[in-house]
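Below is one structure, written out as structure tokens, with a few remarks after it.
Note that the structure is a prediction, hence the values are computed from the model and not measured.
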Amino acid sequence: MKTERITIKDRLCPQDEELMKAAEILKKGGLVAFPTETVYGLGANALDEEAAKRIYAAKGRPSDNPLIAHIADRAGLEPLVACVPEAGRKLMEAFWPGPLTMIFPKSSRVPYGTTGGLDTVAVRMPSDPVANRLIALAGVPVAAPSANTSGRPSPTTADHVWEDMNGRIEMIIDGGPVGIGVESTIVDVTGEVPMLLRPGAITMEMLRELLGEVEIDPAIVGPMSPDAHPKAPGMKYRHYAPKADMTLVEGKPEAMAAEICRLARKSMEEGRNVGIICTEETRHWYPEELLSALKVRSMGMREKEETIAHNLYAVLREFDETEVDCIFCEAFPSTELGQAIMNRLTKAAGHKIIKV
Ligand code: AMP
Ligand code: MG
């Protein structure tokens with residue numbers, strides 16, 4: 001299949017003419033990748049089981065990993081859900097449109113092909129103007145998982161999408177780099193107490209401030225045993241895996257850098273190609289001779305964690321393009337946005353963490 005690529009002139013103010021063809025493709029059961037405020041999504045009509053199947057095929061995604069239905073406005077929610085619990089109503093008012101997905105009891109209109117066989121449905125209203133207008137023009141809810149091949153880091157630019165999806169889908173809409181860089185926060189509002197299933201830019205602190213009590217799915221915190229059942233089925237897969245073997249090192253900046261230097265030297269002696277992921281604030285703790293001998297990337301500024309989230313997947317993808325076969329990466333405090341950052345890094349590292 002030939003994949004068409006279009007570029008939006010002004011991503012804050014996309015014109016309907018630019019998005020019309022993409023909307024037609026979605027209506028007819030085709031696949032279109034598009035930017036959202038979190039990561040690039042791979043869209044298909046969420047009410048069309050055959051279209052949903054094509055998403056799984058293009059990504060190589062296991063079919064028990066359900067899709068998130070994206071809507072353009074509040075009116076889009078009602079046909080998808082059996083009811084809207086009180087916590088869901090509050091969250092919607094506070095954070096929609098935005099990087100928050102909620103799990104609701106599903107209505108009969110949503111096919112099991114979209115929900116991975118579950119009786120619940122995940123719904124999000126994106127704030128990105130391109131995503132939002134495209135969904136409105138398509139006139140259907142749009143199932144849109146991250147537009148990467150399953151097991152690769154999520155795409156944060158149209159080039160990342162092109163690497164994974166060229167030849168597999170009808171169209172890629174280039175709206176420039178995304179804003180946030182990590183996937184949406186997921187909250188299950190179907191139970192007595194709302195439960196965080198995946199951390200994101202809407203942080204646990206923000207959720208608790210609004211709702212009071214919020215539980216956290218154990219799958220977020222520790223490694224999963226093989227027979228465990230996380231509430232978000234996708235959390236059991238090693239989603240964000242770079243090609244190289246990755247280890248996280250946790251501790252105070254100076255001690256962390258010292259341990260990474262020690263580990264890097266040891267691995268080099270063993271003949272491995274070593275990479276290091278650091279930050280602007282810690283870079284100076286690494287000796288110049290090591291920095292020049294190795295592939296070293298800064299992910300951003302600890303002081304501004306949104307820069308770390310923004311660059312995280314691009315840095316991991318960049319390492320995939322190199323011969324590096326082991327990466328040592330600095331850890332972050334697991335509070336606020338750091339919780340989402342650490343969740344992605346921990347998974348990329350297959351839960352290999354060294355504490356100093
Ligand atoms: P992605 O779209 O690739 O960011 O992944 C979507 C995430 O949402 C996966 O982790 C899914 O398991 C989760 N998800 C989607 N629908 C549901 C649902 N009905 N219940 C629980 N988790 C869901
Ligand atoms: Mg994904």
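With hydrogens and angles disregarded, no donor-acceptor distance shorter than 3.5 Å links the side chain of Arg124 to the backbone of Ala69. For the pair Arg344 (side chain) and Leu312 (backbone), a donor-acceptor distance under 3.5 Å is absent. Of the possible polar contacts, none joining the Thr101 side chain to the Ile186 backbone as a donor-acceptor pair under 3.5 Å is found. For the pair Glu280 (side chain) and Met301 (backbone), a donor-acceptor distance under 3.5 Å is absent. In terms of modelled atom types and a separation under 3.5 Å, the side chain of Asn132 and the main chain of Pro126 share a donor-acceptor contact. Checked by atom type and distance alone, the side chain of Glu37 pairs as donor or acceptor with a backbone atom of Ser127 at under 3.5 Å. Formation of a donor-acceptor pair under 3.5 Å by the Thr36 side chain with backbone atoms of Thr38 is found in this model. At distances below 3.5 Å, at least one donor-acceptor pair connects side-chain atoms of Asp325 with backbone N or O atoms of Asn273. Here the side chain of Glu250 pairs no donor or acceptor atom with the backbone of Leu248 at under 3.5 angstrom. In this structure, Thr3 contributes its side chain and Gly167 its backbone to a donor-acceptor pair below 3.5 Å.
A cation-pi geometry, defined here as NZ or CZ lying under 6.0 Å from the six-membered ring centre and within 45° of its normal, holds between Arg5 and Trp162. Annotation: cation-pi geometry satisfied between Lys106 and Tyr112 (NZ/CZ under 6.0 angstrom from ring centroid, within 45° of ring axis). Geometric assessment of Lys243 against the ring of Phe319 yields a negative cation-pi assignment under the 6.0 Å and 45° thresholds.
In this structure, Glu78 places its CD atom where only 12 or fewer heavy-atom neighbours from other residues, nucleotides or ligands lie under 6.0 Å away. For Glu321, the CD atom sits in a packed shell: over 12 heavy atoms of surrounding residues, nucleotides or ligands are nearer than 6.0 Å. Arg208 CZ: more than 12 foreign heavy atoms inside a 6.0 Å radius. The environment of Glu270 atom CD is dense: over 12 non-hydrogen atoms of other residues, nucleotides or ligands sit within 6.0 angstrom. Residue Glu209 qualifies as open at atom CD: its count of foreign heavy atoms under 6.0 Å is 12 or below.
Remark: Arg265 engages Glu289 in a salt bridge, criterion side-chain N to carboxylate O under 4.0 Å. Residues Glu318 and Arg297 are paired through a salt bridge, judged by an N-O separation under 4.0 Å between the basic side chain and the carboxylate. Taking a cutoff of 4.0 Å between a charged side-chain nitrogen and a carboxylate oxygen, Lys266 and Glu269 do not qualify as a salt bridge. In this structure, Asp245 pairs ionically with Arg272, as a charged nitrogen and a carboxylate oxygen lie closer than 4.0 Å. With salt bridges taken as basic N to acidic carboxylate O contacts below 4.0 Å, one links Glu259 and Arg262. Remark: Glu93 does not engage Lys90 in a salt bridge, criterion side-chain N to carboxylate O under 4.0 Å.
With a 4.5 Å cut-off on side-chain heavy atoms, Glu330 and Ile260 count as touching. The closest side-chain heavy-atom distance from Glu305 to Pro333 is below 4.5 Å. Using a 4.5 Å heavy-atom cutoff, the side chains of Pro35 and Ile173 are in contact. The closest side-chain heavy-atom distance from Gln339 to Ile216 is below 4.5 Å. Counting heavy atoms from C-beta outward, Tyr313 and Glu183 have side chains that approach closer than 4.5 Å. Contact check for Arg61 versus Pro145: side-chain heavy atoms found under the 4.5 Å cut-off. Thr247 has its side chain within reach of Ile354: a pair of non-hydrogen atoms, C-beta onward, lies under 4.5 Å apart. Leu47 has its side chain within reach of Pro141: a pair of non-hydrogen atoms, C-beta onward, lies under 4.5 Å apart.
In plain terms, the two heavy atoms of Leu211 and Pro194 that are nearest each other are CD1-CG, 3.8 Å. Smallest separation of non-hydrogen atoms from Ala147 and Ala33: CB-CB, 4.1 Å. Considering every non-hydrogen atom in both Pro62 and Tyr56, the closest pair reads O-CE2, 3.4 Å. Pairing each heavy atom of Asn343 with each of Pro199, the nearest pair is CB-CG, 3.6 Å. In terms of heavy-atom proximity, Ile276 sits nearest to Ala264 at CD1-CB, 4.2 Å. When every heavy atom of Pro79 is checked against every heavy atom of Gly76, the shortest pair comes out as CD-O, 3.5 Å.
A distance of 11.0 Å separates OG of Ser108 from CG of Asp119, quoted to the nearest 0.5 Å. How far CD1 of Ile6 is from CG of Leu19: 6.0 Å, rounded to the nearest 0.5 Å. Summarising the geometry, atom SG belonging to Cys261 is positioned 11.0 Å from atom CH2 belonging to Trp285; distances are rounded to the nearest 0.5 Å. Atom CD1 of Ile327 and atom CG of Leu263 lie 14.0 Å apart (nearest 0.5 Å). The CG atom of Leu337 sits 9.5 Å away from atom CE of Met206, with the distance rounded to the nearest 0.5 Å. Taken from CZ in Arg54 to CD in Glu49, the straight-line distance is 15.0 Å, to the nearest 0.5 Å.
Of the listed residues (Arg317, Lys59, His160), just one forms a side-chain contact (heavy atoms from CB on, under 4.5 Å) with Arg152, and that residue is Arg317. Checking Val189, Leu77, Val123 one by one against Met92, the side-chain contact (heavy atoms from CB on, under 4.5 Å) holds for a single residue, Leu77. Val121 pairs in a side-chain contact (heavy atoms from CB on, under 4.5 Å) with only one of the listed residues (Thr115, Thr114, Ile68, Ile103), which is Thr115.
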**Prompt:** Do Thr190 and Asp188 pass the side-chain hydrogen bond (donor to acceptor under 3.5 Å, both in side chains) test, and can you show the C-alpha distance, the side-chain angles, and the key distance before you say yes or no?
**Reply:** CA-CA 6 Å; Thr190 62; Asp188 184 349; 2.6 Å; yes
**Chi angles and distances behind the salt bridge (Lys or Arg N to Asp or Glu O under 4.0 Å) call for Arg133, Glu18** = CA-CA 10 Å; Arg133 193 61 198 148; Glu18 295 177 290; over 6 Å; no
**Request:** Applying side chain to side chain contact (heavy atoms under 4.5 Å, CB included), run through Ile353 and Thr346 and close with a yes or a no.
**Result:** CA-CA 8 Å; Ile353 307 184; Thr346 308; 4.0 Å; yes
**Request:** Output, in order, the C-alpha distance, side-chain angles, deciding distance and verdict of side chain to side chain contact (heavy atoms under 4.5 Å, CB included) for Leu100 and Leu91.
**Result:** CA-CA 8 Å; Leu100 175 74; Leu91 287 169; 3.8 Å; yes
**Request:** Could you walk me through whether Val81 and Ser107 pass the side chain to side chain contact (heavy atoms under 4.5 Å, CB included) test, one step at a time?
**Result:** CA-CA 5 Å; Val81 300; Ser107 75; 5.7 Å; no
**Evaluation steps, side chain to side chain contact (heavy atoms under 4.5 Å, CB included), between Met171 and Lys21** = CA-CA 9 Å; Met171 185 184 274; Lys21 187 166 177 191; 4.0 Å; yes
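Val161 and Ile25 sit in two unconnected hydrophobic clusters of ILVMFWY residues. Membership requires side-chain heavy atoms under 4.5 Å apart, directly or through other members.
Checking Ser184 against Arg198 by side-chain atom types alone, a donor-acceptor pair falls below 3.5 Å.
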